Number of protein chains: 2
Amino acid sequence: MSAPPEKIPQPTIERLSAYLQCVRLMRAQESATASSSEIARRTGINAAQLRKDLSYFGEFGTPGLGYDLRALEAHLSRIMGLDVERDVLLVGAGNLGRALSSYTGFGRRGFRIVAAFDVDEAKVGTAMGPVRVHHLRELAAVNAELGAEVGVVAVPASAAQVAVDALTAVGVRAILNFAPVTLAARPEITVRNVDLTSQMEILSYYLRST
Amino acid sequence: MSAPPEKIPQPTIERLSAYLQCVRLMRAQESATASSSEIARRTGINAAQLRKDLSYFGEFGTPGLGYDLRALEAHLSRIMGLDVERDVLLVGAGNLGRALSSYTGFGRRGFRIVAAFDVDEAKVGTAMGPVRVHHLRELAAVNAELGAEVGVVAVPASAAQVAVDALTAVGVRAILNFAPVTLAARPEITVRNVDLTSQMEILSYYLRST
DNA sequence: GTGTATTTGTGAAAAATTTCTCTATCTCGC
DNA sequence: GCGAGATAGAGAAATTTTTCACAAATACAC
Ligand SMILES: NC(=O)c1ccc[n+]([C@@H]2O[C@H](COP(=O)([O-])OP(=O)(O)OC[C@H]3O[C@@H](n4cnc5c(N)ncnc54)[C@H](O)[C@@H]3O)[C@@H](O)[C@H]2O)c1
Ligand SMILES: NC(=O)c1ccc[n+]([C@@H]2O[C@H](COP(=O)([O-])OP(=O)(O)OC[C@H]3O[C@@H](n4cnc5c(N)ncnc54)[C@H](O)[C@@H]3O)[C@@H](O)[C@H]2O)c1
């Protein structure tokens, strides 16, 4: 139940988020319980896979009935560390940074973009959605107060490593990177890359030979 | 050489794009050749993995020397179907849609967002970056001329299935979806989800127990 | 209560993917 | 051309991940 997670497969972690999304949706649709096969059908993930994924963390279901959605949402949230609010630092106040900072969906999941940073003096001092834009050189001073541990990198590829170094220097331990480059960071830092051009290229692969 | 690809592992496809990015960068840095271990070092991917991935498609290297970067870029581009320009339809002219449509990086890789669609009358008729915003109901008429096969969905989750259905109805075969929902589409349609909230949640997992 | 229909959790099997290892091949300096 | 050094390609092994399949557990109708 409060079993200490051993070594969890990477693909499992990535699916947990999908289960959580599905559970939230079903709850919003007034369902109280769901079987693994129902969740499987909705997410496109195999039912045995779902049960095995959950079994790494405990026993959350009831044979003959399925999963209580309220309890499952709570468990998944706790497993994912979503039971605490996370402050997020955004580096890069450009097109993408603006979209991200005005997106309300993060807040509903406990992620709050609390400050943005740029090197363009024209942007420093302005507001971007609900977020103030600071100069990058103020990063340390700002985060000394905030203590945020999550960063988002939305700067040109040529500046991304600088941004990562700056973020890790002020205590950020997890980074979402939108720049199309492979970044270096100490192993205890988690960096996830969201490369949209790469996603387009992968789509292209499936369209080829036409 | 021009061997017909058999069945290629999904993870291989996703890495090809990373190799391509690395090769482009090294070329820009004036390198003419690179060994698998050099590319491996830069991408963080195992060298044997790279060689195996490439070997699915042919023999592109030279023992003792490595890979000719110019030739490798050409091969990877062809393998990924990037040797033709792709027109892209964007559904959803909101915050994210605006960021995407004004991004110049796609064009440099052969993806051109040629039209945007929305249902908000206030947005219809306006220009978003270099792209005109049409009403969604004009999708069929517009694509009858363009014949685009790639779509991007940047609408609220509640409208995403509608957007997918509309796109597939006009001949789109590959879709990049930013809405946080699992979508249904015929099996011959490729749908890739880019769920940024999910990415944040995965980061959160690695920060938990703090 | 009893019996039947469900559905979980899980060990085992299967499948997929990654990594190892080694041979043949090629380069390059001389 | 020759020999030393480097590296690709690929079979085999190892590892990881997914799927199967079934016993045990529970619900629910009667
Ligand atoms: N906009 C998109 O839709 C999109 C799509 C795919 C990928 N990307 C990637 O996301 C990143 C951001 O894209 P964008 O469109 O927002 O770019 P942008 O040019 O609009 O914005 C980049 C911002 O980063 C700032 N910047 C530059 N160097 C900096 C530094 N050292 N520290 C802090 N800020 C710095 C610039 O002043 C600018 O405000 C890029 O790497 C891009 O390749 C964006
Ligand atoms: N903005 C972000 O940074 C961000 C981050 C994560 C996820 N997302 C997801 O991306 C999607 C778009 O986000 P956004 O911030 O651009 O939202 P937004 O509200 O700014 O824009 C959505 C647009 O879609 C239009 N729309 C609504 N229904 C439509 C329909 N049936 N057909 C065509 N257009 C329709 C709306 O008129 C609006 O212009 C959402 O699903 C959101 O959850 C966005």
Side-chain angles (χ1 to χ4, degrees), chain A residues 1-19 22-23 26 31-73 75-76 79 202 205, chain B residues 1-3 5-19 22-23 26 31-76 79 202 205:
Chain A
M1 189 68 83
S2 53
E6 329 118 50
K7 203 165 128 249
I8 311 298
Q10 172 73 24
T12 293
I13 307 302
E14 311 207 345
R15 282 188 297 265
L16 292 180
S17 178
Y19 303 145
C22 178
V23 168
M26 294 187 74
S31 301
T33 63
S35 65
S36 61
S37 50
E38 174 66 7
I39 298 175
R41 195 184 54 73
R42 290 186 177 235
T43 57
I45 297 168
N46 179 296
Q49 182 84 79
L50 160 63
R51 295 198 299 274
K52 173 132 326 208
D53 285 343
L54 293 180
S55 76
Y56 290 118
F57 301 98
E59 306 194 357
F60 308 123
T62 308
L65 180 63
Y67 297 90
D68 180 273
L69 292 175
R70 190 148 103 91
L72 185 57
E73 180 177 349
H75 280 124
L76 284 170
I79 291 165
I202 294 165
Y205 175 84
Chain B
M1 189 68 81
S2 51
E6 329 118 51
K7 200 163 128 254
I8 311 297
Q10 172 72 27
T12 293
I13 308 302
E14 311 206 346
R15 281 188 297 266
L16 292 180
S17 179
Y19 302 145
C22 178
V23 168
M26 293 187 75
S31 301
T33 63
S35 65
S36 61
S37 50
E38 174 67 6
I39 298 175
R41 195 184 55 73
R42 291 186 177 236
T43 58
I45 296 167
N46 179 298
Q49 181 84 79
L50 160 62
R51 295 198 300 273
K52 172 129 335 206
D53 284 342
L54 294 180
S55 75
Y56 290 117
F57 302 97
E59 306 194 357
F60 307 123
T62 309
L65 180 62
Y67 297 91
D68 180 274
L69 291 175
R70 189 147 106 91
L72 185 56
E73 179 176 350
H75 280 124
L76 284 170
I79 291 165
I202 294 165
Y205 175 83

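These figures come from a predicted structure and were not determined experimentally. Order of the sequence lines sets the chain letters (A, B, ...), proteins ahead of strands, with each chain counted from 1.
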Are [X] and [Y] close enough that some pair of their side-chain heavy atoms sits under 4.5 Å apart?
X	Y	answer
L72(A)	I39(A)	yes
L54(A)	L76(A)	yes
L69(B)	E73(B)	no
L16(A)	I8(A)	no

Looking at [X] and [Y], what are the two nearest heavy atoms and their distance?
X	Y	answer
A18(B)	T43(B)	O-CG2, 4.1 Å
F60(A)	H75(A)	CD2-ND1, 3.3 Å
S35(B)	Y67(B)	C-CD1, 4.5 Å
Y19(B)	L50(B)	OH-CA, 3.4 Å
S37(A)	A47(A)	CA-CB, 3.9 Å

Whole-Å distance between [N] [atom2] and [X] [atom1]?
X	N	atom1	atom2	value
L65(B)	dG9(D)	CG	P	11 Å
D53(B)	dA10(D)	CG	P	13 Å
Q10(B)	dT17(D)	CD	P	15 Å
E38(B)	dA8(D)	CD	C1'	16 Å
D68(B)	dT7(D)	CG	C1'	15 Å
F57(B)	dG9(D)	CZ	P	13 Å
Y56(B)	dA10(D)	OH	C1'	11 Å
L50(B)	dA10(D)	CG	P	13 Å

(message) Regarding T12(B), tell me which of base, sugar-phosphate or nothing describes its non-hydrogen contacts under 4.0 Å with the strands shown.
(response) nothing
(request) Just call it for G61(B): base, sugar-phosphate, or nothing, with non-hydrogen atoms closer than 4.0 Å on any strand. (result) sugar-phosphate
(request) When you get a sec, tell me which of dA12(D), dT17(D), dT7(D) is the closest nucleotide to the side chain of P9(A)? (result) dT17(D)
(message) Return whichever of P11(A) or T62(A) has its heavy-atom-nearest nucleotide of DNA chain D closer to the 5' end.
(response) P11(A)
(message) Both N46(A) and R51(B) contact DNA chain D. Taking the nearest nucleotide for each, which residue is further toward the 5' end?
(response) R51(B)
(request) Rounding to 10 degrees, work out the angle separating the end axes of the helix from dG1(C)-dC30(D) to dC30(C)-dG1(D) (five pairs an end). (result) 30°
(request) For dT17(D), take OP1 and OP2 only and decide whether either is under 4.0 Å from a side-chain N or O of R15(A). (result) no
(message) Need two values: the first and the last nucleotide of DNA chain C, 5' to 3', having an atom under 4.0 Å from any heavy-atom of chain A.
(response) dT6(C) to dA12(C)
